[in-house]
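Comments concern the structure below.
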There are 2 protein chains.
Amino acid sequence: MGGVRLQDVAELAGVSMKTVSNVVRDYPHVSPRMREKVQRAIDTLGYKPNMMGRRLATGKTGLIALAFADVGIPYFAELARVVSRAAETLGYRVLLEETDATLEGERALVATSEAGLVDGMLFQPSVMGSTEIARHRSDLPLVLLGETAAPLTMDRVMIDNVAAADEITSHLLASGRRRIGFAGHELNGLSETSRQRIAGYQQALERAGIAPDPTLLIPSAAISAAGAVEAVGGAIDAGLGFDALVCRDDLAAIGALRALQERGIGVPTDVEVTGWDDIRLSAVTFPSLTTVSPDLDALAATALRLLIERMTGFDGTGRHEIVAHRIVVRESAPGPVAVH
Amino acid sequence: MGGVRLQDVAELAGVSMKTVSNVVRDYPHVSPRMREKVQRAIDTLGYKPNMMGRRLATGKTGLIALAFADVGIPYFAELARVVSRAAETLGYRVLLEETDATLEGERALVATSEAGLVDGMLFQPSVMGSTEIARHRSDLPLVLLGETAAPLTMDRVMIDNVAAADEITSHLLASGRRRIGFAGHELNGLSETSRQRIAGYQQALERAGIAPDPTLLIPSAAISAAGAVEAVGGAIDAGLGFDALVCRDDLAAIGALRALQERGIGVPTDVEVTGWDDIRLSAVTFPSLTTVSPDLDALAATALRLLIERMTGFDGTGRHEIVAHRIVVRESAPGPVAVH
DNA sequence: ATGAAAGCGCTAACAC
DNA sequence: GTGTTAGCGCTTTCAT
């Protein structure tokens, strides 16, 4: 059952390996009789094509790597799911690679000493800068995910973070909120992601004629929900006053929710809160989260399209694609109250 | 840079392929001079060994598949992370396979028409029964994860669900709760997971002299947080009274939390709630969740050990291993109040 | 439409 | 210690 080779099938069926191969791969020009005879031999032997052999011969592995910090983070897990499903329909399997959001991990990834394991890679860098990624100059087709500064030579897919941050901040402004904070960005070494979201947040405030107040920027020692609980809780205890919070991501928003609730501050009555990513759980927190929802399906589809183009020979300069996002309004920031 | 072959290195260095191969694989018996000469050739050519070639020759792929329903579910995502890290230290990479918790998806998985892509598989079935898994009779080394009824021929790793459910229910009883419900199991087609957890829950109640009340079993149309919001909310609205809820998993607990809070019912004051899995977010919900915490590291390590034994020839009957769990006490069910 | 033979890049016996 | 020679299982020209 296990070690059945193409050869064995050919012998049983009394045909050449070529013919068996043709049948296995559904090659059109095979006579029905042949096909049936070969198929019978395949069935009786329980033959299963050996991928490694095929892959060595074709030079294609059918595998793509999906690399990011940590699949335990809901956004990445949900991204992995979408990518994995999209890849499947295109005939690819996904190999998971985690970098732990460390420079070391990301370097190991791009400098990997082995070749030919995967046909291409989707990579969302956490810390690596544009220059270092560019220097990489590997032969492995690569598409970048997310807003990390991308070298001009590489393809990249992201949503418009500045615009989205502007929109969600404007949503808060429309509800009459005026002291709007931003929470959950890095304490030091601001990521490009945080930078762009803060830029959009400031842009909305300024357009509304509000001077951004730097004390309303609440960084987090750890980029996690627990980190946000600490940060936001600490800020409140230190006397910081605000009536809304734009959080860097849904985990930070969940942390902020807890920090507020621990202190008996009502959400959204006293403080409105928004998240980012629209992870599944953001719909069932209490209150549920108003958040930026990236079009993950489009993100995955676009990234895979670009990658496959690279894998099949495209060699132009980097394409930078923007996919859609929308603001999902839920309880934590319900928007202007309807007039009754 | 891309198409450098072992052969090319050998020619440049003026040695045989065997020698180059020895150097690449750190074979001990190579003279230092040779090694250095070859290494120089490797560097100038930028040679990277082609995995497919090596794998075809050795018959090993270095890949293991990790299969479960949906990586978008936090428990699975966190499991994937732990398995992926553990596998890495053992020299394996992880290929993600999702079944969408459908029979169809699980069948496709075990009946996969290709062979040799992965050396082995870790599989947590959702719907497939013991008999069907056994019938599979594949040549692929396989270790089952979780409490699905496992055929005697197969290895399996799980925690003691009955014991854990008993413990966490007893924890509630120790706080003086008497009308304890169970929530979040399947509406029809009870999974083995739910069955065992309910068994442990009933066992604890009976030992405490409480007759299990079937109306306190609150099934969920969808096994998700949103499903639990509906189910628990509906039960409350229908007039069901209880002072504690053992939830099938953390997502159900999060849903229960929301359903209770929506109705102004205090947790843990009015109703205590417990979860299962100890997903990262269970520590930052408000209130945070008392939950069953499986030893994921041990689970992954054990599963990989069993799998590697199978891959390297072990052919005995199925081993069924139990790994540790503990009850993590948090705010949603704080336990007996300390006497001041 | 089918067959024969030459690789794909590497490792593993077995000689030297 | 190092080189030679076969394969690993499959696909793919090139004939027929």
Side-chain angles (χ1 to χ4, degrees), chain A residues 1-39 41-42 45-63 91 113-119 139-140, chain B residues 1-39 41-42 45-63 91 113-119 139-140:
Chain A
M1 213 76 177
V4 187
R5 288 165 357 301
L6 194 63
Q7 174 105 260
D8 303 326
V9 178
E11 281 170 11
L12 208 193
V15 300
S16 77
M17 287 171 58
K18 168 73 163 118
T19 303
V20 179
S21 176
N22 284 342
V23 171
V24 170
R25 289 177 304 137
D26 275 319
Y27 183 69
H29 303 286
V30 187
S31 68
R33 294 186 41 230
M34 250 314 76
R35 183 179 296 279
E36 200 212 340
K37 181 163 69 173
V38 172
Q39 189 57 54
I42 289 178
L45 254 33
Y47 168 74
K48 316 220 164 177
N50 180 306
M51 283 299 110
M52 287 302 149
R54 172 177 303 182
R55 284 165 172 161
L56 215 213
T58 59
K60 259 64 197 59
T61 69
L63 259 35
S113 58
E114 39 184 48
L117 210 205
V118 297
D119 294 334
D139 36 339
L140 183 71
Chain B
M1 214 76 176
V4 188
R5 283 155 16 289
L6 194 62
Q7 175 105 261
D8 303 325
V9 179
E11 281 170 12
L12 208 194
V15 300
S16 77
M17 287 172 59
K18 170 72 162 117
T19 304
V20 179
S21 175
N22 284 343
V23 171
V24 170
R25 289 178 302 138
D26 276 320
Y27 183 69
H29 304 286
V30 187
S31 70
R33 290 185 44 229
M34 246 322 66
R35 184 178 295 278
E36 202 212 339
K37 182 163 69 173
V38 172
Q39 188 58 53
I42 290 178
L45 254 34
Y47 168 74
K48 315 221 165 175
N50 181 305
M51 283 300 109
M52 288 302 147
R54 172 177 302 182
R55 284 165 171 160
L56 215 215
T58 59
K60 257 68 198 58
T61 69
L63 259 35
S113 58
E114 42 186 47
L117 211 206
V118 297
D119 294 333
D139 35 341
L140 183 71

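All values below were derived from every heavy atom in this structure, side-chain atoms included, with hydrogens, water molecules and symmetry-related copies excluded. Source: prediction; values computed, not measured. Proteins get letters first, then strands, A, B, ... in listed order; numbering begins at 1 in each.
When DNA chain D is scanned 5' to 3' for any atom under 4.0 Å from a heavy atom of chain B, the first and last hits are D/dG1 to D/dG9. The span of DNA chain C lying next to chain B, judged by atoms under 4.0 Å from heavy atoms, is bounded 5' to 3' by C/dG9 to C/dA13.
Not counting sequence neighbours, the partners of A/L140 by the side-chain contact (heavy atoms from CB on, under 4.5 Å) test are A/V118, A/M121, A/S138. Remark: B/D119 engages B/K60, B/T61, B/Y92, B/M311 in a side-chain contact (heavy atoms from CB on, under 4.5 Å) (not counting sequence neighbours). In this structure, A/Q7 has no side chain to side chain donor-acceptor pair (under 3.5 Å) partners at least two apart in sequence or on a different chain. With sequence neighbours left out, B/A57 forms a side-chain contact (heavy atoms from CB on, under 4.5 Å) with no residue at all.
What you find for A/V24 and A/Y47 is that their closest heavy atoms are CG2-CE2, 3.9 Å. Listed here is the closest heavy atom pair of B/A10 and B/V20: CA-CG2, 3.6 Å.
When heavy atoms are screened at a 4.0 angstrom cut-off, B/R55 is found touching no nucleic acid atom at all.
Annotation: side chain of A/I42 is in contact with side chain of A/Q39 (closest heavy-atom distance under 4.5 Å). Annotation: side chain of B/L63 is in contact with side chain of A/L63 (closest heavy-atom distance under 4.5 Å). Side chains of A/L6 and A/P49 form no contact here, defined as non-hydrogen atoms less than 4.5 Å apart. Using a 4.5 Å cut-off on side-chain heavy atoms (C-beta onward), A/K48 and B/D139 make no contact.
Note that CZ of A/R55 and CE of B/M51 are 15.0 Å apart. Values are rounded to the nearest 0.5 Å.
Fit an axis to the five pairs at each end of the helix from C/dA1-D/dT16 to C/dC16-D/dG1 and the two axes sit 30° apart, to the nearest 10 degrees.
Checked by atom type and distance alone, the side chain of B/T19 never pairs as donor or acceptor with a backbone atom of B/V15 at under 3.5 Å.
Within a heavy-atom distance below 4.0 Å of DNA chain C, the residues of residues 29-37 of chain A found are A/H29, A/V30, A/S31, A/M34. For DNA chain D, the residues of residues 10-24 of chain A within the heavy-atom distance limit of 4.0 Å (strictly under) are A/M17, A/K18, A/S21, sorted by number.
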Contacts under 3.5 angstrom, residues 27-38 of chain B side chains, donor-acceptor by atom type, not counting sequence neighbours:
{"from": "B/S31", "atom 1": "OG", "to": "B/M34", "atom 2": "N", "distance (Å)": "3.4"}
{"from": "B/R35", "atom 1": "NH2", "to": "B/Y27", "atom 2": "O", "distance (Å)": "2.9"}
{"from": "B/E36", "atom 1": "OE2", "to": "B/R40", "atom 2": "NH1", "distance (Å)": "3.2"}

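If you check the side chains of B/S21 and B/R25, you find a donor sitting under 3.5 Å from an acceptor.
Pairs engaging residues 4-23 of chain A under the salt bridge (charged side-chain N to carboxylate O under 4.0 Å, His left out) rule: A/R5-A/D8 [sequence neighbours left out].
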